[in-house]
Amino acid sequence: FAEGRTWIERALAGVAASAASVPAALLAHAHLAVGQLAIDQGDPAAAQLHCERSVSLWRDLERDPQQRDAVQRPLILALSRVLQACAMQG
């Protein structure tokens with residue numbers, strides 16, 4: 001888990017540091033993946049941060065009527081992971 005999480009976090013940091021245009025859905029999936037890996041590693045603070053970022057991106061995409069249906073399932077999954085991370089923190 002650690003190696004996968006590190007790779008995805010590095011990719012996200014690279015995107016944030018550059019002016020690269022990356023589709024929001026790809027970023028949302030990446031943040032959700034890091035959040036899930038952080039949950040699996042017992043790091044609820046990082047999990048919450050990444051899952052909340054994923055939720056924010058999915059909500060932005062949800063505003064587009066053409067993407068609304070495709071966004072519902074990952075948005076619900078991301079929200080459930082935020083709740084899971086919160087519960088882990090007590």
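- Side-chain N or O atoms of S56 include none that pairs as donor or acceptor with a backbone N or O of E52 at under 3.5 Å.
- Summarising the geometry of P74 relative to A70, their closest heavy-atom pair is CD-O, 3.5 Å, with the distance given to 0.1 Å.
- Of all the heavy atoms in S54 and A78, the pair that sits closest is OG-CB, 3.7 Å.
- Contact annotation: the side chain of C51 never approaches that of H31 to less than 4.5 Å [non-hydrogen atoms, C-beta and beyond].
- Side-chain contacts under 4.5 Å among hydrophobic residues (ILVMFWY), followed directly or transitively, place V22 together with F1, I8, L12, V15, L26, L27, V34, L37, L57.
- Every side-chain contact (heavy atoms from CB on, under 4.5 Å) that L77 has, sequence neighbours left out, goes to L32, S80, R81.
- Between the side chain of T6 and the backbone N or O of A2 there is at least one donor-acceptor pair closer than 3.5 Å.
- Listed by first and then second residue, the salt bridge (Lys or Arg N to Asp or Glu O under 4.0 Å) pairs involving residues 1-26 are R5-E9, R5-D43 (not counting sequence neighbours).
- Residues meeting the side-chain contact (heavy atoms from CB on, under 4.5 Å) test with A11, sequence neighbours left out: none.
- In this structure L79 satisfies the side-chain contact (heavy atoms from CB on, under 4.5 Å) test together with V55, R59, L75, sequence neighbours excluded.
- Not counting sequence neighbours, the partners of Q67 by the side-chain hydrogen bond (donor to acceptor under 3.5 Å, both in side chains) test are D64.
- In summary, the aromatic rings of W58 and H29 are positioned with their centroids under 6.0 Å apart.
- The heavy-atom pair separating A47 from A85 by the smallest distance is CB-CB, 3.8 Å.
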Fill in: Chi angles and distances behind the side chain to side chain contact (heavy atoms under 4.5 Å, CB included) call for M88, Q48
CA-CA 10 Å; M88 288 174 67; Q48 184 173 353; over 6 Å; no

